[in-house]
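Everything below concerns the one structure shown next.
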Amino acid sequence: MNIFEQYLNEIKELIINNAKKLELDNTNALKSVNLEIPPEKFDYDLSCNVAMVMAKANKKKPEHLAKNIQALLIENLKNFSKVDIAGPGFLNINFKNEALTEIINKIIKKKSNYGSNLKKNKYNLEFVSANPTGPLHVGHCRGAIFGDVLSNLLSFNGNKVTKEYYVNDHGNQIKNFVKSVFLRLREIKFNEKFKDKKELYPGDYIIDIAKKIIETKPRINLKNLDDIYNELHKLSINLSLDMIKNDLNKLGIKHDIFIFENELIKNKTVEKAVNKLKDKKFVIEGYLEEPKGEEKKDWKRIKRLIFKSSLFGDDTDRALQKNDGSWTYFASDVGYHSFKISRKFNSLINILGADHTGYIKRINAAVKALSDNKVILDCKVCQLVKLYKKGKPYKMSKRAGDFITVKDLLSEVDKDSIRFMMLSRSNDVELDFDFSKVLEKNKDNQVFYVQYCYARINSLFRILKLDLNKTFTIDEKNFNLNIYERKILRKVFDWSKTIDLASFKQEPHRITFYLYDLATLFHSYWSKGNEDEDYKLVKDGKIKQLNSLIIIQLVAIVIENGMKILGVSLPKKM
RNA sequence: GCGCCCUUAGCUCAGUUGGAUAGAGCAUCGGUUUUCUAAACCGAGGGUCGUAGGUUCGAAUCCUUCAGGGCGCGCCA
């Protein structure tokens with residue numbers, strides 16, 4: 001429930017009670033009526049589209065209906081000082097001072113909760129889920145931060161969120177990974193040269209993993225890989241995962257649960273899920289057609305289990321078994337999602353990289369089939385990140401084939417800048433990340449600009465020798481805000497709406513844009529004091545208007561709440 | 001060939017689930033500092049919202065056509 005909901009409800013109620021008088025037969029359309037903060041150039045607190053929405057539903061002219069509703073609002077709603085009609089039928093509204101101070105007091109009371117709309121859904125968010133065969137690279141980084149901030153956002157808005165990492169510790173790539181570790185171990189122990197075969201992992205981190213294994217298990221038997229495979233698999237995956245967790249940690253990310261593919265296969269979760277689909281007749285034994293396009297060399301016409309995902313919107317049916325009868329990656333994922341469904345979430349969200357878009361339809365189909373269309377899976381795709389340095393494409397000067405890792409990134413740029421920057425675009429457009437730009441200290445660097453705003457506010461409170469966390473009481477008798485303060489206040493009001501919209505659309509980038517806008521309004525007000533003595537806040541070391549200070553405190557509250565969601569720190573002094 | 005995403009100012013992008021004269025930053029040009037952080041602020045120019053249709057009081061937003069760019073199209077993970 002955001003702070004305007006009560007006013008919206010009052011308006012709706014008024015319309016329903018006066019439907020006859022307004023000659024409205026259809027009041028169903030009321031659900032799409034909005035109460036919003038109008039664009040800055042209009043000097044109003046609120047804007048309502050009720051006349052236009054209802055006019056459409058009842059085939060009436062908006063202007064005429066607007067006039068009647070205007071009269072109704074003026075007569076009945078005592079908190080409004082002014083209701084004007086503008087444009088195609090907007091009702092623009094101003095609050096009376098008493099209403100404004102009441103809202104301000106509410107915000108101050110809520111403080112670190114201001115903006116939260118107390119939703120109570122249970123979300124499952126799966127993100128990162130990078131294969132434990134190597135370190136995290138920049139491609140993972142965007143999805144990781146997107147997922148983390150989205151879960152912060154949803155939690156802030158009152159929901160319960162489980163942050164989950166799915167570990168693909170099964171399959172051929174993992175076998176090759178374990179084999180690579182094995183060969184590195186032999187290299188260290190027996191001086192046997194590591195052959196750089198195509199399917200193996202050559203990276204230096206494999207050597208590190210091998211060294212650590214020798215530290216903990218100096219007597220490990222390296223005669224035959226098959227004899228120690230299970231043990232080595234476990235050791236290697238754990239060490240690799242530690243490396244990934246360490247990187248995530250440095251980015252400020254911590255998952256609640258790690259789910260292991262191997263476990264799901266061992267404890268028959270996969271088998272049970274497939275059987276469930278069999279019972280529903282969505283899984284059959286049969287043949288698939290050879291895929292079109294590029295020729296696949298391993299393709300074989302063999303009878304196998306097939307999920308009829310085309311029944312649920314997929315382009316084609318999907319294999320659940322490989323040639324040797326073992327489960328495909330997709331089959332494991334069916335099992336995994338069946339497990340997710342069994343845990344009774346209201347909503348499942350997967351964060352994927354752009355290279356996994358092709359996968360969305362089939363996993364959505366699986367969730368639909370498993371849950372009888374009751375559970376919805378939202379797959380959010382993060383597009384590519386392109387790295388730049390001083391405007392030029394950036395590549396590490398290491399040997400060819402090396403990707404840029406999160407570690408590399410963190411050695412050049414701090415966590416705060418990375419987090420803010422990764423959310424400076426909507427997730428479904430490509431993102432240019434310029435190393436040199438995020439380290440600059442100017443308006444072009446959004447992180448800096450917002451942090452600087454907060455630092456200025458702190459500096460103000462330092463000068464006044466006042467605590468920023470202190471609760472002040474608004475001076476209702478002298479409540480007379482200037483235009484800068486009114487603009488700031490309206491933006492502050494807009495915060496709960498921003499949270500609601502960002503949560504609903506699952507678009508955390510709205511938070512960064514909002515904070516930047518808010519900072520702009522503050523900086524503008526602040527600088528006005530340089531130009532015009534009347535706008536100076538402080539005189540002889542004391543605050544001129546307590547109410548001004550409270551407005552500025554509201555800015556600080558919102559910035560604190562916003563940056564907490566983003567996971568970006570806020571220096572008090574810069 | 002098919003699917004998903006994108007196309008808005010010179011550049012990089014927002015755009016509140018169909019609304020007001022389409023907004024920011026960078027770049028360009030011009031201005032502001034004895035006084036709360038000038039690491040900032042103010043102003044100016046710059047647009048056929050890729051193309052062509054459609055839906056309606058009203059479209060950057062919804063539908064269709066076409067063009068351009070990105071990602072993907074396994075019985076890999």
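Every chain is numbered from 1 and lettered A, B, ... according to where its sequence line falls, protein lines coming before strand lines.
Among the atoms of the strands shown, only primed sugar atoms or phosphate atoms (P, OP1, OP2) are found under 4.0 Å from some heavy atom of Tyr516(A). Using a 4.0 Å heavy-atom distance criterion, His170(A) is classed as a sugar-phosphate-only contact.
A perpendicular orientation is assigned to the rings of Tyr484(A) and Tyr535(A), their planes being inclined by more than 60° (bins at 30° and 60°).
Contact annotation: Tyr449(A) side-chain N/O to rC41(B) OP1/OP2 distance is under 4.0 Å. Taking only side-chain nitrogens and oxygens, Arg456(A) never comes nearer than 4.0 Å to OP1 or OP2 of rA39(B). Note on Ser527(A): every side-chain N or O is 4.0 Å or more away from OP1 and OP2 of rA40(B). A sub-4.0 Å separation between OP1 or OP2 of rA24(B) and a side-chain N or O of Lys443(A) is absent.
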Listed pairs, N/O of protein and of nucleotides 27-29 of chain B, under 3.5 Å:
none

N/O contacts under 3.5 Å, protein versus nucleotides 43-46 of chain B?
none

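Between the C1' atoms of rG47(B) and rU55(B), the separation comes to 25 Å (whole Å). Nucleotides rU21(B) and rG15(B) place their C1' atoms 15 Å apart, quoted to the nearest Å. Across rU51(B) and rU7(B), the matching C1' atoms stand 11 Å from one another, rounded to whole Å.
Between the side chains of Glu485(A) and Tyr525(A), a donor-acceptor pair is found at a separation under 3.5 Å.
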Worksheet item: When Watson-Crick pairs (N1 to N3 and N6-O4 or O6-N4) and G-U wobble pairs (N1-O2 and O6-N3) count only below 3.5 Å on both distances, what is the dot-bracket string of RNA chain B, with | for other-strand pairs?
Response: (((((((..((((.....[...)))).(((((.......))))).....(.(((..]....))).))))))))....

Discussion item. For nucleotides 12-20 of chain B, give me one character per nucleotide, 5' to 3': B if any protein heavy atom sits under 4.0 Å from the base, S if the only such contacts are to the sugar-phosphate, - if neither.
Written reply: SSSSSBBBB

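For Glu533(A), counting side-chain heavy atoms from C-beta on, the closest listed nucleotide (rA38(B), rU35(B), rA24(B)) is rU35(B). The side chain of Lys536(A) approaches rU35(B) more closely than any other nucleotide in the set rC76(B), rU35(B), rA39(B). In the set rC71(B), rC41(B), rU35(B), the nucleotide with an atom closest to the side chain of Leu384(A) is rC71(B). Side-chain atoms of Ser524(A) lie closest to rC41(B) of the nucleotides rC41(B), rA39(B), rC36(B).
For His337(A), there are no ring-ring contact (aromatic ring centres under 6.0 Å, His included) partners, not counting sequence neighbours.
Among residue pairs with one or both ends in residues 434-445 of chain A, those qualifying as side chain to side chain donor-acceptor pair (under 3.5 Å) are Asp434(A)-Ser436(A), Glu440(A)-Asn442(A); sequence neighbours excluded.
Note on Asp432(A) versus Arg425(A): no salt bridge recorded, every NZ/NE/NH1/NH2 to OD/OE distance being 4.0 Å or above. Ion pairing between a basic and an acidic side chain is recognised when a charged N comes within 4.0 Å of a carboxylate O; Arg490(A) and Asp43(A) show such pairing.
Heavy atoms of other residues, nucleotides or ligands lying less than 6.0 angstrom from CD1 of Ile376(A) number 12 at most.
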